[in-house]
Amino acid sequence: MTKPNEPLKMLAPESFRHAISRRALFQIGGAAAGLAIISACGGGDDDADSGSSDTGGSSGTSGGSSGGSDLLSQYSNVVNKASGNLAMFTWGEYNDPEIIGSLAESSVGVTMKVDYYPSNEDLITKLSAANGNSGFDIVVPTGAYIPQMIEKGLLQKFDKALLPNMVNVDPLYMARDWDPTNDYSVCKNWGSTGFFYNTTKITRPMATWQDFLDACMNEASGDCSVLDTAPNLCGAYFWANGINWTTEDPADLDACEAYMVDQFAQHIKAFDSYPSTAIAEGQFSLSMIWNGDGRAAYGRLLDGGLNVDEWKWVLPGPATEIWMDNYCIPTGAPNPEAAHAWINWLLTPEVSIKDLAFHGYHSGMKNIDQLIAELAPDLTYPEIIFFTDEQVATMQTGAVNSAQDRLVEIYDKVKAKAAG
Amino acid sequence: MAIAIDHAPRPVAATTSSSPAAGRRKPPKWLLAAPSFVWYGLFFVLPIAVIVIYSFGVKDASQLVPVDLSNPTLQNYRDVFSDLFFDVFRGTLEVSIGATALTFLVGFPVAYYLAFRASERWRGLLLAAVIVPSFTSFLIRTLAWRIPLQPAGELSTWLQDIGVLSGPIEVLYTRTAVFIAIVYNYLGFMVLPLFVALDRIEGALREASKDLGAGRISTFFSVTLPLAGPGIAAGVVLTFIPMCGDYVTATILGGTKGFMVGALIESQFRGSQNWPMGSAMAVLMIVMVLLSLAVLAAIFFALRAIGRRAGRPIVDAWRRRERPQPKPSRFPELFSPLLAVWTGLVLVFLFIPIVLVVRHSFNGGAAFTLWSGNYDTVWWGGEPGRLPSGKPMVGLFDFGTTGATLLRFLIVMAVGIALPRVWRLVTRRDPHPALRLWAAPGAFALAFVLNGLLTDWYADLFQQAGVGDGLRGSFLAAFGGTVIAVVLGGLSGVALARHPGGWSKIFMVIVFLILVTPEIMDAIALAGWMQRLGGPFTNDIGPLPFGMLRLWIGQSLYASAVVTLIVRARLSGIDESLEEAAADLGATPRTAFRQITLPLIAPALVAGGLLSFTLCLDNTIISALISGASSTFPVALISATKSEIAPFWGAGAVVLFVVTMAALAFLAVTLRRSGDSSSDIAATLGGG
């Protein structure tokens with residue numbers, strides 16, 4: 001979903017960028033071609049791509065880590081070659097530009113074309129409307145929406161033989177409720193929802209969703225933003241009040257509506273799912289925000305020449321969200337072989353961490369702490385990317401259930417009230 | 001700008017008079033409109049009918065089409081009649097009526113100045129200036145307003161520093177912001193029809209009024225304003241109807257304050273995938289918009305009647321008072337300059353975002369709206385920056401490099417300008433007109449490329465984001481959509497003007513419905529319908545990018561409706577004697593069409609084509625749903641506006657602008673050669 005292009009520069013140090021791209025190019029791209037030798041010579045920067053692309057062959061290049069890292073050799077580093085075009089439909093700037101550009105061409109052999117959607121519902125509407133002829137090879141739905149997509153026949157099963165690197169994913173992020181066998185999906189990134197606020201405007205300690213709601217109705221009245229999705233808007237109320245946000249109980253939903261419409265709505269300045277830029281424009285003093293975007297907000301504030309010390313990210317208690325976005329292959333994908341090859345490539349540690357450093361969302365690799373220490377030691381604000389076990393324990397998975405219509409109705413009513 | 005026409009009182013006698021050739025056996029009157037009938041039937045009426053049927057169903061999310069029709073029900077309509085819908089609709093009406101009035105108040109003086117005060121030479125240029133800003137994506141232009149209006153931005157800080165403001169600018173996310181966005185985007189659609197209507201008023205009438213002793217003010221109210229009535233009506237309809245269904249423009253700057261009924265409908269179709277409810281809401285919305293329009297029309301006609309009656313005593317009174325000698329007041333001297341200043345201000349208002357888009361396309365930061373001095377771009381002096389990819393970049397106004405750059409630039413330009421003259425000296429013949437015309441602009445473009453000033457930076461951005469794909473897709477789609485729209489609209493426009501009959505009423509109803517149906521409903525209907533049709537609509541066709549055929553169809557609907565109206569207006573303004581003469585001289589209908597009618601409607605086709613092209617280029621909601629994997633620039637951009645807008649979108653918008661302008665310049669040159677004056681085209685564009 002989000003991505004600091006800026007943070008790429010601000011938050012991931014230059015040294016890391018070069019280290020990772022060279023290594024990715026030379027080691028992963030075509031170890032079999034003996035590129036390690038060139039690598040040792042420290043050849044030209046970008047032109048290295050051309051070197052690895054002529055390894056040609058259709059499939060089966062085994063990975064290898066020549067860089068002398070024992071750590072990386074503990075992972076599966078298979079890179080299958082493919083050819084042709086690869087069309088991905090995903091969230092805005094959710095991949096490092098090189099990973100969907102020059103590196104994909106040199107390492108996997110595919111030419112990528114990427115389109116973006118702003119919500120899972122948009123993705124489903126578009127795939128449904130095309131019924132297997134959308135022309136996309138890869139889509140990235142959030143977990144809760146996957147059962148519905150499987151039921152509608154929008155996704156096809158993986159050929160797991162083509163995804164050997166799935167073993168690199170931490171078992172914690174495999175076999176989730178929505179796809180217990182991972183036949184259709186594999187973790188791309190996961191994250192949570194919290195808030196970001198200006199400590200000069202809101203001086204009291206802020207730790208819970210109740211604090212968020214209170215501050216929004218007081219210090220930050222008319223100056224706060226909420227995520228532009230129905231489940232997240234209502235989630236703030238449910239989390240604050242100890243109700244599971246997947247509740248289908250009409251009484252809970254009625255109470256949520258009463259609170260949100262009658263008390264809360266008039267204080268909202270905007271519905272913004274990616275408020276980091278607007279925060280740096282000076283629009284909000286309090287924003288509900290996804291963690292990666294919260295991290296990006298620090299980069300934006302620097303961009304705008306503002307004081308980052310005045311701002312604080314909070315992962316609120318007592319409960320909050322955990323979402324996981326997954327790589328899936330839609331039914332009727334024109335180039336499934338390439339889709340498998342690319343997804344598998346993304347599951348190699350170096351590419352996965354390079355991507356993570358771009359957008360700031362946990363990629364689900366096993367032993368990720370060690371990987372970060374090895375590959376991205378200077379990564380800033382790690383506390384907004386990696387959460388402690390205690391924090392993860394407070395995070396609830398969402399669900400698409402019978403409450404969906406009601407949640408959208410509440411969301412519409414809140415918007416109507418906020419508009420008046 | 002086009003729909004205007006309908007409301008203009010026109011000599012209709014010609015179109016209704018029976019042809020002298022009545023005795024001959026003639027093809028059916030609707031023959032020329034047949035292709036459009038088929039097209040609209042297949043891609044508008046039937047798909048929409050299916051969606052309307054959905055409004056009697058029940059949501060069933062487990063199906064691909066989430067509608068269960070086994071137990072038809074009226075429940076959706078019962079549920080739609082809720083406080084929520086009417087609250088939101090009332091808000092939408094308030095905004096639309098307010099913004100329409102505001103657009104009129106801002107636009108009328110401009111149209112008045114253009115029609116009566118601007119010199120012939122300036123008129124064409126100024127008219128073009130009003131239209132030109134719409135040649136790049138409306139999304140990015142509207143978004144650009146966020147740059148000066150941000151509370152922590154440069155302007156806000158500066159205004160506070162010099163003491164003009166005591167606190168930061170607080171405009172975004174207010175009703176004011178909603179109005180700024182809407183007025184900005186719809187101004188052209190108001191000014192053009194107004195200009196055309198005013199331009200038609202015979203100067204003699206106004207002179208007569210003054211000769212009879214009426215003052216400036218009474219002339220305005222008793223002569224000018226009533227005669228401009230059709231233009232006002234056209235402008236109001238053209239802005240009001242789309243505003244009612246537009247839910248994107250208002251939210252870019254207005255946030256929550258721009259929550260419109262269209263967004264409510266969209267949340268049903270997408271957010272909760274409740275298509276039955278969404279359909280019911282859309283049907284209700286169409287009915288309500290038409291009702292509101294009827295009420296507005298009634299008020300308008302009532303006011304006009306009162307105004308006319310009231311005008312006479314005013315004239316009399318003025319005459320009595322000023323009989324001896326209408327003394328020249330100081331008013332006139334002030335009036336023209338005031339109008340000119342106002343027009344200038346409005347043009348500045350229109351161009352501010354363009355300038356900002358260009359500047360911010362060079363933004364080295366991560367976000368389009370957030371100017372970052374920290375990275376990359378070197379505007380003047382200092383260390384050369386780095387491109388986003390890490391490659392070093394030439395400082396844009398870095399003195400050392402700029403000197404050399406400037407020199408190279410001037411040399412190439414000088415060669416371009418000198419070339420035609422050198423040619424003449426050497427060959428002692430006049431150079432080919434094309435050489436004379438294109439040498440200088442060609443050199444200008446070449447100088448840019450050679451210097452790599454813009455191109456390095458842009459190429460780098462384009463590689464990163466794949467914006468290039470979107471732009472290519474946009475141009476290909478818009479080109480196809482425009483061709484279809486011009487052919488269909490041209491034929492049916494001729495049929496409507498020359499062979500009206502019972503069929504034309506049905507046809508006009510369809511055209512009108514196309515113009516008022518909310519785009520999200522069209523989009524859902526069309527996407528599902530093409531799926532049902534299968535065949536070429538769901539498969540690759542030859543070398544075309546996937547889904548291109550669907551884009552052509554989707555984009556051609558609205559555009560062809562607009563072309564139809566423009567062509568019809570153009571022809572019904574010209575009487576039929578030429579065509580009749582041709583027939584009398586023995587020309588076959590086909591020859592008459594090719595040699596008489598076609599040249600007559602050429603300006604209308606050009607104007608309609610231009611308008612279609614911009615409409616297609618900006619088509620967002622329909623394209624987003626039916627495009628499949630071949631996306632267009634606005635489709636990609638609208639998704640980005642809901643997340644982060646990186647500066648490369650600005651670069652894309654600039655390229656879009658430059659290419660469109662170049663195409664336009666080419667067209668203008670071609671047309672000038674073919675003898676159509678620019679104000680003729682502009683006039684046709686405005687619906688006359």
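Values in this document were obtained by computation on a predicted structure and should not be read as measured data.
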**Q** Just by modelled atom types, is the A:S273 backbone N or O under 3.5 Å from a matching donor or acceptor in the A:D228 side chain?
**A**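 No, the answer is negative, given that no donor and acceptor are paired below the 3.5 Å cut-off.
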
**Q** Will you find, in the side chains of A:T125 and A:D122, an N or O donor that is under 3.5 Å from an N or O acceptor?
**A**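 Result is no, nothing qualifies.
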
**Q** Whether the side chain of B:K257 engages the backbone of A:A418 through a donor-acceptor N/O pair (distance < 3.5 Å, no angle test) should be reported.
**A**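 Present.
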
**Q** Students often mix this up, so state it plainly: with edges at 30° and 60°, are the rings of B:Y54 and B:W275 parallel, tilted or perpendicular?
**A**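 Answer is tilted, since the angle falls between 30° and 60°.
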
**Q** Using non-hydrogen atoms only, which part of A:L306 is less than 4.5 Å away from chain B: side chain, backbone, both, or neither?
**A**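 For A:L306, the side chain is the part near chain B, not the backbone.
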
**Q** Would you say the side-chain atoms of A:Y361 and A:D325 include a donor-acceptor pair closer than 3.5 Å?
**A**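 Note: A:Y361 and A:D325 side chains miss the donor-acceptor criterion.
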
**Q** Under the side chain to side chain donor-acceptor pair (under 3.5 Å) criterion, do A:D412 and B:S267 qualify, and how do the steps go?
**A** CA-CA 8 Å; A:D412 280 337; B:S267 77; 2.7 Å; yes

**Q** What part of A:L154 lies closer than 4.5 angstrom to a heavy atom of chain B: side chain, backbone, both or neither?
**A**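 For A:L154, the contact with chain B is made by the side chain alone.
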
**Q** Checking heavy atoms, do the side chain of B:I169, its backbone, both or neither come under 4.5 Å from chain A?
**A**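 B:I169 has no heavy atom closer than 4.5 Å to chain A.
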
**Q** Out of B:R146, B:E94, B:Q268, which one racks up the most heavy-atom pairs below 4.5 Å with chain A?
**A**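 Result: the option with the highest number of such pairs is B:R146.
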
**Q** Can you tell me which portion of A:T277 sits under 4.5 Å from chain B's heavy atoms? Options are side chain, backbone, both or neither.
**A**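 Its backbone and side chain both get close to chain B.
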
**Q** Please list, in residue-number order, every residue in residues 82-90 of chain B that has a heavy atom less than 4.5 Å from any heavy atom of chain A; write 'none' if there are none.
**A**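 Residues B:L84, B:V88 are the ones that qualify, each having a heavy atom under 4.5 Å from chain A.
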
**Q** Given a strict heavy-atom distance threshold of 4.5 Å, which part of B:A523 is in contact with chain A: side chain, backbone, both, or neither?
**A**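 For B:A523, there is no contact with chain A at all, as no heavy atom is under 4.5 Å.
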
**Q** Do the non-hydrogen side-chain atoms of B:P148 and B:L155 ever get within less than 4.5 Å of each other?
**A**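 B:P148 vs B:L155: side chains touch.
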
**Q** Return yes if some donor-acceptor pair links the side-chain N/O of A:Y411 with the main-chain N/O of A:C234 below 3.5 Å, else return no.
**A**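 Not a single qualifying donor-acceptor pair exists.
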
**Q** Hey, are A:S276 and A:D293 close enough side-chain-wise for a donor-acceptor pair under 3.5 Å?
**A**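 A:D293 vs A:S276: donor-acceptor pair found between side chains.
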
**Q** Name the option with the most non-hydrogen atom pairs under 4.5 Å to chain A; the candidates are B:S272, B:A263, B:A152, B:G91.
**A**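 That would be B:S272.
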
**Q** Sort B:E170 into side chain, backbone, both or neither according to what part of it lies under 4.5 angstrom from a heavy atom of chain A.
**A**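 Only the side chain of B:E170 comes within 4.5 Å of chain A.
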
**Q** Using atom types as modelled and distance alone, determine if a side-chain donor or acceptor of B:H360 lies under 3.5 Å from a backbone N or O of B:F368.
**A**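 Yes, the answer is positive, given that a donor and an acceptor are paired below the 3.5 Å cut-off.
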
**Q** Relative to chain A, which of B:G254, B:G258, B:A61, B:G255 shows the most heavy atom pairs under 4.5 Å?
**A**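 Ranked by contacts with chain A, first place is B:A61.
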
**Q** Picking from A:K413, A:Q283, A:E151, which has the most non-hydrogen pairs under 4.5 angstrom with chain B?
**A**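 So the answer, after comparing A:K413, A:Q283, A:E151, is A:Q283.
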
**Q** What I want to check is whether the side chains of A:Q404 and B:K59 have a donor and an acceptor closer together than 3.5 Å.
**A**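 The answer is yes; a qualifying pair exists.
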
**Q** Which bit of A:F271 is near chain B, if near means a heavy-atom gap under 4.5 Å: side chain, backbone, both or neither?
**A**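 It is both, since atoms from each part get that close.
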
**Q** Is A:A230 close to chain B through its backbone or its side chain, or both, or neither, when contacts mean heavy atoms under 4.5 Å?
**A**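 Neither part; nothing is under 4.5 Å.
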
**Q** Determine the option with the most heavy-atom pairs under 4.5 angstrom with chain A, choosing from B:G528, B:G271, B:A624, B:A527.
**A**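 Greatest number of close heavy-atom pairs with chain A: B:G271.
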
**Q** Check whether B:F269 gets within reach of chain A through its side chain, its backbone, both or neither, counting any heavy atom under 4.5 Å.
**A**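 Looking at B:F269, just its backbone touches chain A.
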
**Q** If only atom types and distance count, is the side chain of B:Q150 paired as donor or acceptor with the main-chain N or O of B:T369 below 3.5 Å?
**A**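 Checked: pair present.
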
**Q** Do the ring planes of A:F284 and B:Y173 sit parallel (below 30°), tilted (30 to 60°) or perpendicular (above 60°)?
**A**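 It falls in the tilted class, 30° to 60°.
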
